[in-house]
Amino acid sequence: MSLEGKVAIVSGSGRGLGLSYAQELARQGAAVVINDVDAGVAAEAVESITAAGGKAVAVVAPVGSTETAKALVAAAVQNFGRLDILVTNAGVLRDKSILKMTDEDFDLVINVHLRGTFTCVREAYAYFKENGIAGRIIAIGSPTGQRGNFGQTNYAAAKSGIVGMVRTWALEMKRAGVTVNAVIPVAATAMTKTVPYFAKAVEAEERGEAMPDFFRKTLGFGTSDDVAGLIAFLASDAAGNINGQAIGAGGDRLQLWSHPEAIESEFNDGGWDYATLQERFPFAGNLQSVGENFPELPAELQPEPAAK
């Protein structure tokens, strides 16, 4: 099923993952509202779509405020007559360990990722409901939000919160026929390009070559284009029965993330008081890991030693 006649907003789509999402939606027939804080970057993104025969306009504004959310929906309706799809991708990073993270570092990331997702979804859903449109909402999560990551308190909180909101919205919007899902991308980005572990994958991509199978298959790590197909699919009529899910995509791998579930229960007559827990904490042998543990790189994929 094509997306002909559909109209999409992709926040944070001037470059990187967001641009790939916007370009794929356009390839499948949707008209797209591009969003970025840099007017030049936004114009180049629009040109990349229109030059290929697609339709796109840009809204240059930082995501987070209700005003920007309203401007994005208005741009879709005024330029293309309607809105069908929202992809909330806009984000920033301010990575620091907790003692070095300032209030400003925390608030900025929460405002753009978490509040920006909330305000854009609220505005899009109001339009969908008022106009009887069975819209598609796709919010972008992260492995950090699922597992945690050192130095990313703000980002982990925002991305975990986004998936929590997705589950709630899937319940609230179901009767209106609107679906809401989260995508967890694993791809080469400006951030991963600075990590030595991924150096050989990034070098291959920059040469226009396929990444080694270790990255694409074992790690499920690939390019932004590897994620874009899932975005377009979830935006289509074919995905009308998929709702409230967190789906990972990267390289050659697709993943369905579980919702948090209790994995073990123990009961004690009279409850679990301090003394009883001191004597017998029942879950000591089944505590859950945190963070992501990557397998050791094969010798041929080890990064080159830094020049002295």
Side-chain angles (χ1 to χ4, degrees), residues 1-13 18 21-22 24-26 28-36 42 46 49 54-91 111-141 161-183 231-247:
M1 297 182 182
S2 81
L3 300 178
E4 288 290 340
K6 305 285 189 182
V7 179
I9 295 167
V10 184
S11 70
S13 50
Y21 303 159
E24 179 63 16
L25 289 166
Q28 300 307 324
V32 183
V33 177
I34 295 288
N35 163 247
D36 200 273
V46 168
I49 290 173
K55 300 176 183 177
V57 296
V59 172
V60 179
V63 165
S65 69
T66 296
E67 290 71 24
T68 294
K70 288 182 179 295
L72 288 167
V73 173
V77 176
Q78 291 168 8
N79 286 279
F80 304 119
R82 58 184 292 126
L83 175 66
D84 304 273
I85 301 155
L86 170 66
V87 182
T88 60
N89 175 74
N111 183 64
V112 176
H113 285 277
L114 192 62
R115 191 171 189 268
T117 297
F118 163 71
T119 55
C120 288
V121 169
R122 182 177 60 184
E123 200 64 28
Y125 179 53
Y127 175 85
F128 292 155
K129 192 170 183 182
E130 181 179 346
N131 292 277
I133 294 173
R136 300 284 181 264
I137 296 171
I138 303 153
I140 305 302
I162 285 170
V163 176
M165 293 193 299
V166 161
R167 297 188 184 109
T168 300
W169 293 331
L171 297 171
E172 293 183 354
M173 301 181 193
K174 185 176 181 180
R175 285 188 62 186
V178 177
T179 65
V180 193
N181 292 286
V183 167
I231 300 294
F233 169 71
L234 290 174
S236 73
D237 292 342
N241 63 334
I242 303 172
N243 198 22
Q245 303 304 299
I247 304 172

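Please read these numbers as outputs of a predicted model, since none were measured by experiment.
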Task: Heavy-atom closest pair, residues Ile34 and Ala22 - done: CD1-CB, 3.5 Å
TODO: Indicate the atoms forming the closest heavy-atom contact of Tyr127 with Gly81, along with that distance.
DONE: OH-O, 4.0 Å
Open item on the list: If you define the side chain from C-beta out and look only at heavy atoms, does anything of Thr88 sit under 4.5 Å from Val63?
Closed with: no
TODO: Please name the pair of heavy atoms, one in Val60 and one in Ala42, separated by the smallest distance, quoted to 0.1 Å.
DONE: CG2-CB, 4.1 Å
- [ ] Taking Asn35 for its side chain and Gly12 for its backbone only, find out whether a donor-acceptor pair lies under 3.5 Å.
- [x] yes
- [ ] Look at the side chain of Asn181 and the backbone N and O of Ile242, then say whether any donor-acceptor pair between them is shorter than 3.5 Å.
- [x] yes
Task: Audit row: Ile138, Tyr21, side-chain contact (heavy atoms from CB on, under 4.5 Å) steps and yes/no - done: CA-CA 11 Å; Ile138 303 153; Tyr21 303 159; over 6 Å; no
Open item on the list: A side-chain contact here means heavy atoms from C-beta on lying under 4.5 Å apart; do Val59 and Val33 qualify?
Closed with: yes
- [ ] Please examine the side chains of Arg82 and Ile133, heavy atoms only from C-beta on, and report whether any two atoms are closer than 4.5 Å.
- [x] yes
Task: Sole candidate of Asn243, Leu86, Leu234 that passes side chain to side chain contact (heavy atoms under 4.5 Å, CB included) when paired with Val180 - done: Asn243
Task: Set of residues satisfying side-chain contact (heavy atoms from CB on, under 4.5 Å) with respect to Arg122, sequence neighbours excluded - done: Thr66, Phe118, Thr119
Open item on the list: Measuring only between side-chain heavy atoms, which start at C-beta, is Ile9 closer than 4.5 Å to Cys120?
Closed with: no
Validation: residues 68-78 side-chain donor-acceptor distances under 3.5 Å, sequence neighbours left out:
residue	atom	partner	partner atom	Å
Thr68	OG1	Pro62	O	2.8
Thr68	OG1	Ser65	OG	3.2
Lys70	NZ	Glu123	OE2	3.3

Open item on the list: Show the nearest heavy-atom pair for residues Ala238 and Phe233, with the distance to one decimal.
Closed with: CB-CE1, 4.0 Å
- [ ] Identify the heavy atoms of Ile49 and Ala26 that sit nearest to each other, and give their distance.
- [x] CG2-CB, 3.6 Å
For residues 164-178, dump all side-chain donor-acceptor pairs below 3.5 Å to protein atoms at least two apart in sequence or in another chain.
residue	atom	partner	partner atom	Å
Arg167	NE	His259	ND1	2.8
Thr168	OG1	Gly164	O	3.2

- [ ] Please examine the side chains of Leu114 and Ile162, heavy atoms only from C-beta on, and report whether any two atoms are closer than 4.5 Å.
- [x] yes
Task: Non-hydrogen atoms of Ala8 and Leu25 that approach each other most closely - done: CB-CD1, 3.9 Å
Open item on the list: One pair to check against side-chain contact (heavy atoms from CB on, under 4.5 Å): Arg136 and Asp237. What are the steps and the verdict?
Closed with: CA-CA 9 Å; Arg136 300 284 181 264; Asp237 292 342; 4.3 Å; yes
